[in-house]
Amino acid sequence: MYRRRQSKLKWILIIAGGLLVLLAITYFAFSLYFRNHFYFHTEINGLKVGGMTVEEAKEKIARDVGDYLLTIYGRDEAKYHILGRDIDNSYVPDGSLEKALENQNMFAWIPSVFKANQMDVPTPMTFDSDKLAAAVAALPGFREENITMPVDAFLERSESGYEVVPEVLGNQMILEAVTEKVNAAVTEGEGQLTLTDEDYVAPGVTAESPILLEALDKVKAYTGAVIQYKISDYDEKLQGEDIFEMIEVNEDFSVTFNEKKVADYAQYLASKYNTYGDVREFQTTQGDTVQIGGGDYGWVINKEKEAAQIKEDIMSGQVVAREPIYSQRARVEGFEDIGDTYLEIDYTNQHMWYYEEGRLVLDSDVVTGNVAKGNGSPDGLFKVVYKQSPAVLKGEDYESDVEYFIVFAYNVGVHDASWRTRFGEEYYKTDGSHGCVNAPGDVAAELYGEIAVDTPVIAYYREPVELTAENCKISNAYSYVEPEEDEAE
């Protein structure tokens, strides 16, 4: 029994050994086989070459080249094709298959029996370059009806400000760039090509372009500016929406001003705050109220300089507090720009009063221009232009020496009149001056010493008059009327 068991075990060992030897022989045989053949289930660029030699694989690839297809993926899910037969392509081995086989481990063939072995190997080709260029140019993406042109980003004006409208990329391909990439892909035998942004005509300006962003920043800075005008009794600001309306962004993204709107705002300031020549109510020394206008006293904004300063202040992007730019200033700021220091002349009552800080300093009868002879004194709201002592008064038919001359309306002023012995009453109607205000010598002397240049002078009639003298015209007298032309002339 024991011997029988030994004999059985011996045969088992012999059979097992034989099987191992057979397996080893089979393994090494296949290993030697895969030294010159590709693994089973091998695919090169999608083409099955399992169990083939390099030469056999080359022949199959060469046969397959006739069915070559390059798929081009473009923008907006576009897909185009280049066919091998349209470009006369042919396979040109370059040793890539040999290298692929060399990199194949001949001893690791067993897994290839059970799974696919996919390889990407260059399969270079030759082709007709002219035909390839023509095939690329004929792609549907180059047809005019299929092209969406790129559109630059821009700034769009809205009620709330300028907003960025993004660029439109479009799908206009660059023929030279696409041809170059297709050429390279076909040369390498690649089956797919994905175009990138560099293959398309790009917008000149994008939403991220510095020139656009700088313009937007400049607009924001400009509209952040505030001009707080320092005008007594008023609260006047230029800011926000009003500034926005003055700004323009041009096609080249330069930020400029709408000159008309800036000028309009300067005009608005002038219309609101200029008091030069305004008709106003004045409470007289006698307690009643008269209306008086004309003359040359009052605030005058320099519109051109103010407009230029507005633009400069806006461009600073800062909060600026300043006065308007005046070409003429009144003595007092605010609603009542005459103040409490002034000379009042009542032509009708032939009397004048000088007040200083509300206190009556002097008053006196006077003799003014002879209305009957067309020499009526100019009425209006004036200011003392200059003082001269002594002075010589000259006219067409007279020349007079005076000690004190206080000029307030062109060449008309208050002066002493040594040739007069009576003042007041109604002498002016028949024996009035050539237009000046005649005062007693001591009064003229006192007034000359007290009154300052630029002091307001309010001169008025209590009844309607028509002044036609040249000095009334030049001084912007309130009651000036253009003289009628002589019919005989």
Checklist entry - Checking side-chain contact (heavy atoms from CB on, under 4.5 Å) for the pair Leu238/Val226: CA distance, chi angles, key distance, verdict? => result CA-CA 6 Å; Leu238 175 59; Val226 177; over 6 Å; no

Taking everything shown except [X] itself, do over 12 heavy atoms lie less than 6.0 Å from its [atom1]?
| X | atom1 | answer |
| --- | --- | --- |
| Glu336 | CD | no |
| Lys272 | NZ | yes |
| Glu245 | CD | yes |
| Glu463 | CD | yes |
| Glu77 | CD | no |
| Lys383 | NZ | yes |
| Glu466 | CD | no |
| Glu482 | CD | yes |

Does some side-chain heavy atom of [Y] sit less than 4.5 Å from a side-chain heavy atom of [X]?
| X | Y | value |
| --- | --- | --- |
| His351 | Asp365 | yes |
| Ile338 | Val332 | no |
| His41 | Lys115 | no |
| Tyr80 | Pro140 | yes |
| Phe142 | Val178 | yes |
| Val249 | Phe154 | no |
| Leu139 | Ile82 | yes |
| Leu195 | Leu193 | yes |

Next on the checklist: Between Thr455 and Glu356, does the side-chain contact (heavy atoms from CB on, under 4.5 Å) criterion hold? Intermediate values first, please.
Outcome noted: CA-CA 10 Å; Thr455 298; Glu356 197 169 275; over 6 Å; no

Item to check | Which residues share a side chain to side chain donor-acceptor pair (under 3.5 Å) with Glu470, sequence neighbours left out | outcome: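 Here no residue qualifies.
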
Item to check | Residues forming a side chain to side chain donor-acceptor pair (under 3.5 Å) with Glu259, sequence neighbours excluded | outcome: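 With neighbours one apart ignored, the set is Lys311.
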
Checklist entry - Thinking salt bridges, do Asp242 and Lys261 make one under a 4.0 Å N-O criterion? => result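 Salt bridge absent between Asp242 and Lys261.
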
Checklist entry - Thinking salt bridges, do Glu190 and Lys181 make one under a 4.0 Å N-O criterion? => result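 Answer for the salt bridge query: no.
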
Item to check | Aromatic plane relationship, Phe405 with His415 - under 30° parallel, 30 to 60° tilted, over 60° perpendicular | outcome: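 Rings of His415 and Phe405: perpendicular, over 60°.
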
Checklist entry - For residues 185-207, which residue pairs qualify under ring-ring contact (aromatic ring centres under 6.0 Å, His included), counting only residues two or more places apart or in two chains? => result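 Listed once each, the pairs would be none.
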
Checklist entry - Which pairs pass ring-ring contact (aromatic ring centres under 6.0 Å, His included) with one or both residues in residues 300-329, sequence neighbours excluded? => result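 Residue pairs with at least one partner in residues 300-329: Trp299-Tyr326.
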
Looking only at non-hydrogen atoms, find the nearest pair between [X] and [Y] and report the distance.
| X | Y | answer |
| --- | --- | --- |
| Val414 | Ala439 | CG1-CB, 4.2 Å |
| Glu357 | Thr341 | N-OG1, 2.8 Å |
| Ala207 | Ala153 | N-CB, 3.6 Å |
| Gly432 | Val367 | CA-CG1, 4.0 Å |
| Ala459 | Ile292 | O-CD1, 3.5 Å |
| Cys436 | Gly413 | CB-O, 3.3 Å |

Between the side chain of [X] and the main-chain N/O of [Y], is any donor-acceptor distance below 3.5 Å?
| X | Y | value |
| --- | --- | --- |
| Gln350 | Thr368 | yes |
| Asp379 | Tyr461 | no |
| Asn103 | Lys99 | yes |
| Arg75 | Gly170 | yes |
| Tyr460 | Val290 | no |
| Asn274 | Tyr276 | no |

Pairs of donor and acceptor atoms involving the side chains of residues 214-224, under 3.5 Å and at least two apart or interchain, shall be tabulated with distances.
{"residue": "Thr223", "atom": "OG1", "partner": "Val219", "partner atom": "O", "Å": "2.9"}
{"residue": "Thr223", "atom": "OG1", "partner": "Lys220", "partner atom": "O", "Å": "3.1"}

Side chains of [X] and [Y]: donor-acceptor distance under 3.5 Å anywhere?
| X | Y | value |
| --- | --- | --- |
| Thr284 | Glu344 | no |
| Glu312 | Ser316 | no |
| Ser475 | Asn471 | no |
| Asn117 | Thr42 | yes |
| Asp337 | Thr275 | yes |
| Ser327 | Lys305 | no |
| Tyr273 | Glu236 | yes |

Checklist entry - Between Arg331 and Tyr297, is NZ or CZ placed under 6.0 angstrom from the six-membered ring centre and within 45° of the ring axis? => result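 No, Arg331 and Tyr297 do not form such a contact.
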
Item to check | For Phe408, ring-ring contact (aromatic ring centres under 6.0 Å, His included) partners two or more places apart | outcome: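 By the ring-ring contact (aromatic ring centres under 6.0 Å, His included) rule, Phe408 matches Phe382.
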
Quick check for you: to the nearest 0.5 Å, what is the distance between [X] atom [atom1] and [Y] atom [atom2]?
| X | Y | atom1 | atom2 | answer |
| --- | --- | --- | --- | --- |
| Leu269 | Ile310 | CG | CD1 | 5.5 Å |
| His434 | Asn370 | NE2 | CG | 9.0 Å |
| Phe282 | Thr289 | CZ | OG1 | 9.5 Å |

Checklist entry - Passes ring-ring contact (aromatic ring centres under 6.0 Å, His included), Tyr68 versus Phe127? Steps please. => result CA-CA 12 Å; Tyr68 174 75; Phe127 49 87; 9.2 Å; no

Item to check | Full working for side-chain contact (heavy atoms from CB on, under 4.5 Å) between Trp353 and Asp346 | outcome: CA-CA 9 Å; Trp353 300 265; Asp346 184 339; 3.7 Å; yes

Checklist entry - Can Asp128 and Ile87 be said to form a side-chain contact (heavy atoms from CB on, under 4.5 Å), step by step? => result CA-CA 5 Å; Asp128 187 314; Ile87 59 175; 5.5 Å; no

